[in-house]
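Quick caveat: nothing in here was measured; it's all calculated off a predicted structure. To find a chain, count down the sequence lines: A is the first, B the second, and so on, and within it residues start at 1.
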Amino acid sequence: AQKVTQAQTEISVVEKEDVTLDCVYETRDTTYYLFWYKQPPSGELVFLIRRNSFDEQNEISGRYSWNFQKSTSSFNFTITASQVVDSAVYFCALSVSTGTASKLTFGTGTRLQVTL
Amino acid sequence: ETGVTQTPRHLVMGMTNKKSLKCEQHLGHNAMYWYKQSAKKPLELMFVYSLEERVENNSVPSRFSPECPNSSHLFLHLHTLQPEDSALYLCASSQDGQGSDEKLFFGSGTQLSVL
């Protein structure tokens, strides 16, 4: 069985601060995919990034960066110079290869509040 | 705008009512999903349809009945619900429904309250 843990329930930062959202996963599969989704107040989850288990390269996209470490089963997400528009709930998710449709296992989410 | 539209946005129903949630995707995808989002719990996968065929029923009570008449539309029929069924119900779609690497496109959800 798969499990995703996001230990931080809520984080509050002041604009322009850097913030890291933690994600720890559990799976016995050797082939899997990790995702981050953002859920703004409007409700829809928005895809941010996908990473497969064989690619441990860190990735940077603008103010966003992701640190994938198989040794610690972690896939952390950092927002640099946070902005008010970053306020949302962020979900980490895991999917293993089943040969059928995607079945994501989600964490409980981290609510990020960015204030002026 | 993610290309996935859900109606209604809000729904209040009594335990004896029958109602339906609707989802429509304009992305040309072949797979559609229903997820349940309850407070302080992970999103729970309820149903998956791939090419209009149900490929996953995640031990969901029979008071929830999905319907997928074509690859663009997905319904969730509700009857004799319980107060603990109150939650945000999210619809999603993906390109092929054939791989675990697919990214999902979500609608804004229907906030359901069962009285």
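At most 12 non-hydrogen atoms from other residues, nucleotides or ligands lie less than 6.0 angstrom from CD of A:Gln57. Residue-environment remark: NZ (B:Lys41) stays at or below the threshold of 12 foreign heavy atoms within 6.0 Å. Atom NZ of A:Lys38 has more than 12 heavy atoms from other residues, nucleotides or ligands within 6.0 Å. For B:Gln82, the CD atom sits in a packed shell: over 12 heavy atoms of surrounding residues, nucleotides or ligands are nearer than 6.0 Å.
Put simply, A:Val14 and A:Tyr90 are part of two different groups of oily side chains (I, L, V, M, F, W, Y) that touch within less than 4.5 Å, one to the next. No chain of hydrophobic side-chain contacts below 4.5 Å, direct or via other Ile, Leu, Val, Met, Phe, Trp or Tyr residues, connects B:Leu76 to B:Val12. Taking hydrophobic clusters as Ile, Leu, Val, Met, Phe, Trp and Tyr residues chained together by side-chain heavy-atom distances below 4.5 Å, B:Leu51 does not share a cluster with B:Met32. Both A:Ile49 and A:Tyr64 belong to a common hydrophobic cluster when Ile, Leu, Val, Met, Phe, Trp and Tyr are linked at side-chain heavy-atom distances under 4.5 angstrom. Placement of A:Val46 and B:Tyr33 in two distinct hydrophobic clusters is found when ILVMFWY residues are connected by side-chain heavy-atom separations under 4.5 Å, directly or transitively.
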Original post:
When you look at B:Leu43 and A:Leu45, which way does the side-chain contact (heavy atoms from CB on, under 4.5 Å) test go after all the steps?
Top reply: CA-CA 11 Å; B:Leu43 273 77; A:Leu45 275 75; 4.0 Å; yes
**OP:** In sequence, state the C-alpha distance, the side-chain angles, and the governing distance for A:Arg50 and B:Asp101, and then conclude on side-chain contact (heavy atoms from CB on, under 4.5 Å).
**Re:** CA-CA 8 Å; A:Arg50 171 185 56 209; B:Asp101 62 335; 4.2 Å; yes
**OP:** List the steps, then state whether side-chain contact (heavy atoms from CB on, under 4.5 Å) holds for A:Leu104 with B:Lys103.
**Re:** CA-CA 10 Å; A:Leu104 289 168; B:Lys103 59 183 181 181; over 6 Å; no
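Among residues 106-116 of chain A, the residues having any heavy atom closer than 4.5 Å to a heavy atom of chain B are, in sequence order, A:Phe106, A:Gly107, A:Thr108. Contact annotation for residues 68-75 of chain B against chain A (heavy-atom separation below 4.5 Å): no residues qualify. At a heavy-atom cut-off of under 4.5 Å, chain A is reached by B:Leu104, B:Phe106, B:Gly107, B:Ser108 from residues 104-115 of chain B, listed in order of number.
Under the 3.5 Å distance criterion, with hydrogens and angles disregarded, a donor-acceptor pair is assigned to the side chains of B:Gln37 and A:Gln39.
Only the side chain of B:Leu88 has a heavy atom closer than 4.5 Å to any heavy atom of chain A.
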Would you mind writing out the side-chain donor-acceptor pairs for residues 16-25 of chain A within the sub-3.5 Å range, not counting sequence neighbours?
residue : atom : partner : partner atom : Å
A:Asp18 : OD1  : A:Ala81 : N            : 2.8
A:Thr20 : OG1  : A:Thr78 : OG1          : 2.8
A:Tyr25 : OH   : A:Tyr32 : OH           : 2.6

